[in-house]
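Reckoned from all heavy atoms, side chains included, excluding hydrogens, waters and symmetry mates.
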Amino acid sequence: MISNITIKNIKGYDAVGKSLAVNLLPNKINLLIAPNGFGKTSLTTAFGALNANSLAVRDEDKNQEDPALHPFLSITEDGITYSADETRNDISSHLFVHSIHSRLGVYASAKRMGKAIPVTKYLNIQDIELGKSVEKILFKKISKSEKDVFGSKKPLLSHSLDFMTNSLSFCADLKNFSIAFTAFHTQVFRGAIMDECLRYITDYHGTVNALIQNYDVTIFDKIEADEHYKKFASFYRKYTNRDRLHTFIVFHQLIDIYYQDTRAFRNACEYASYSRFKDSVVKELNILNNTWQNLKLVEKNGKLYVAYPKARDISNGQRDLLTFIVDLIGFNARLSSELRKGLLIIDEIFDYLDDANILVAQYYLTRILKKYKDNLYIIWLTHLSQDNFRSKVLNHKVLNVQYLKPVKAMPNDCMKKFIATRQNLDRKIPEQNDLYDKISHYVLHYSPMEVDLTESLRIYAIEGTRLSWGRRIEFHTYLIEELNKYIKGEEEYDPYAVAVAVRLKSEINIYKQLKTPEQREMFEKTKETKKKFEKMENDFGIAIPISYYVIAAIHNDADHIYIDSSGNIPDATIVYKLEHLVIKQIVNSLFEYKEGIDITLDALN
């Protein structure tokens, strides 16, 4: 816990300084609320001036811009005080500190016109550093001796590693198997196990195709019992459906490539990791930003940056959200290689994001908290009430507080009653519990199977519920009608219908990527969309766009509404975030919407 921050001779803080008694917790978003003029910018400036060896405050950022003053900053964590001034910096040896603030600056250009040199001033967005750039190093080809080892069966090697060309994650994570490669290359007993498998392959009497079709799968029992090989096999099969034989062949070849030049192998893994990171940045920004064509990833002076278009070419809200997300991506990339704890300070410039932008920003913050847990402090400086920040994403468990345009979303009462019917069922009664599960499984989540629930709804539904929605075709027809109204923006639409359609489509898109019955079964039986996505991502290596998690906050809230004690069904206000342009962009991308062409029922099949 950080219990004190002290600042002297920086911005509005003079030599007497300001000692802030705080209670900042790791693994929380610490919301520091203070009125304008209190000195929040001074706090950001102080932490932003920390470098590796000192507190390097610019003269214009010193109190009253007096260059003779000596700035000072200290923090107290768990009873130990770390300080920094112009001659030393104990803070940065303990914490990796980064501040996120406005990247907007005033720039000037001059062009001689005769004897005059007029100066033009303009606003521009500062490039954001994402980390170090990496030299392009590719994996070597297998050696001639490797081919010779397989003798007449060397056609097995043909194209067996081709999948690596399109699998940056596989290539990047190969760095984790240097111990396995070394063990089977240097240890006699492991080498003997591998040689036994190799002899079976080379001594097989028959063609390569016959071997592939008829090999004795038990020949690999012994090697697959080895802890190192078993870990590799599990890793490899996340990326391919290949069998035991091909798993062994790939492993054998990778050992050959590794020992041709271990340094080059590791560098190739690092380059793959770097390329994967760049691709992930592009994909995220493509979804979150409709001006991506004007953003560029640039490499200069050994570092990777995001370069922005001129400030006049991008809206204020979009600028602030995108600079926030990119800055956060860069912080995450650098912190992931640090042994120090992280301290992230967010300036109040983001107070001026609208509700939906704040929702998106909050989600990214909770993701990074989940990753680093007790090794990260987040401080969000604001002058706004805590009510502006609380949401389904940022709830009381995450938040540590220390002190919009008319919409066309018009909830349909029948739809609200249909959704609330599930929540109104008594799960202690078997028949009602069965209906609850069926509504969840077949109606509000995607399932390839279809059931007719009209008769059950006739008995248990809230009065006014449209019973025909117990049939998928009727329900989906309504969802698509409302979705088209929403996307076109021409008339009032039912936000609950859109929210359910969004959930179904996001689940369908991931379901279509599943290759095996085991994956599909696991997807269907896992409850809650977010948990489905996490299961597919963690267990099967399916890449889930972060935008899917963002919109999950909307539809999860929308389909959990209840009848209150007065018999009313209060609205889930988060559904009104659908009006935000970024959210709308995500939905358009999700359904691959093309201007002027209606979304059809096929989108939900």
Hey, is Arg199 close enough to Asp203 for a salt bridge, meaning N to O under 4.0 Å?
no
May I ask you to check whether Phe139 and Phe265 place their ring centers less than 6.0 Å from one another?
yes
If the condition is salt bridge (Lys or Arg N to Asp or Glu O under 4.0 Å), which residues does Asp162 pass it with, not counting sequence neighbours?
none
Does Arg367 make a cation-pi contact with Tyr549 (under 6.0 Å, within 45 degrees of the axis)?
yes
Quick one: sort the Tyr548 and Phe533 rings into parallel, tilted or perpendicular, breaks at 30° and 60°.
tilted
Would the Phe324 and Tyr364 ring centres measure less than 6.0 Å apart?
no
Are Asn605 and Ile508 close enough that some pair of their side-chain heavy atoms sits under 4.5 Å apart?
no
Here's a test for you: under side-chain contact (heavy atoms from CB on, under 4.5 Å), which of Asp90, Leu376, Leu50, Leu343 qualifies with Leu95?
Leu343
Side chain to side chain, Met536 and Met522, heavy atoms closer than 4.5 Å:
yes
With the side chain counted from C-beta on, respond yes when His94 and Glu77 share a heavy-atom pair under 4.5 Å apart, and no when they do not.
yes
Between Asn30 and Asn400, does the side chain to side chain donor-acceptor pair (under 3.5 Å) criterion hold? Intermediate values first, please.
CA-CA 5 Å; Asn30 297 279; Asn400 176 37; 2.6 Å; yes
Which pairs count as salt bridge (charged side-chain N to carboxylate O under 4.0 Å, His left out) when at least one residue sits in residues 141-151, sequence neighbours excluded?
Lys144-Asp148
Do Lys300 and Tyr305 form a cation-pi contact, if we require the NZ or CZ to be under 6.0 Å from the six-membered ring centre and within 45 degrees of the ring's axis?
yes
So that I know where these two stand, are Tyr239 and Phe163 an aromatic pair - ring centroids less than 6.0 Å apart?
no
Answer whether the closest heavy-atom distance between the side chains of Ile75 and Leu24 falls below 4.5 Å.
no
Of the options Phe177, Phe181, Phe232, which is the one that meets Tyr258 in a ring pair (Phe, Tyr, Trp, His ring centres under 6.0 Å)?
Phe181
I'd like to know whether Asn89 forms a side chain to side chain donor-acceptor pair (under 3.5 Å) with Tyr82, so could you lay out the CA-CA distance, the side-chain angles of the two residues, the decisive distance to 0.1 Å, and finally the verdict.
CA-CA 8 Å; Asn89 179 5; Tyr82 305 88; over 6 Å; no
Neighbour count >12 (heavy atoms, 6.0 Å) for atom CD, Gln513
yes
Residues Phe96, Phe331; criterion ring pair (Phe, Tyr, Trp, His ring centres under 6.0 Å); working and verdict
CA-CA 9 Å; Phe96 175 71; Phe331 171 73; 5.7 Å; yes
Hits for salt bridge (Lys or Arg N to Asp or Glu O under 4.0 Å) against Glu534, two or more places apart or cross-chain, chain-then-number order -> Lys370
Donor-acceptor pairs are to be reported for all side-chain atoms of residues 219-227 against protein atoms at under 3.5 Å, with residues two or more places apart or in another chain.
from	atom 1	to	atom 2	distance (Å)
Asp221	OD1	Arg244	NH1	2.6
Asp221	OD1	Arg244	NH2	3.3
Glu224	OE1	Arg244	NE	3.4
Glu224	OE2	Arg237	NH2	2.6
Asp226	OD1	Arg190	NE	2.6
Asp226	OD1	Arg190	NH2	3.2
Asp226	OD2	Arg190	NE	3.4
Asp226	OD2	His228	N	2.9
Asp226	OD2	Tyr229	N	3.1

Please check if the number of heavy atoms outside Lys278 that lie under 6.0 Å from its NZ is greater than 12.
yes
Within a 6.0 Å radius of atom NZ on Lys154, are there more than 12 heavy atoms belonging to other residues, nucleotides or ligands?
no
Quick check, are the ring centers of Phe251 and Tyr236 under 6.0 angstrom apart?
no
Test of understanding: with ring-ring contact (aromatic ring centres under 6.0 Å, His included), list the residues that count as partners of Tyr593, not counting sequence neighbours.
none
Test of understanding: with side chain to side chain donor-acceptor pair (under 3.5 Å), list the residues that count as partners of Ser589, not counting sequence neighbours.
none
Electrostatic pair Lys530:Glu528 at N-O distance under 4.0 angstrom:
no
Hey, is the main chain of Cys269 close enough, under 3.5 Å, to the side chain of Ser273 for a donor-acceptor pair?
no
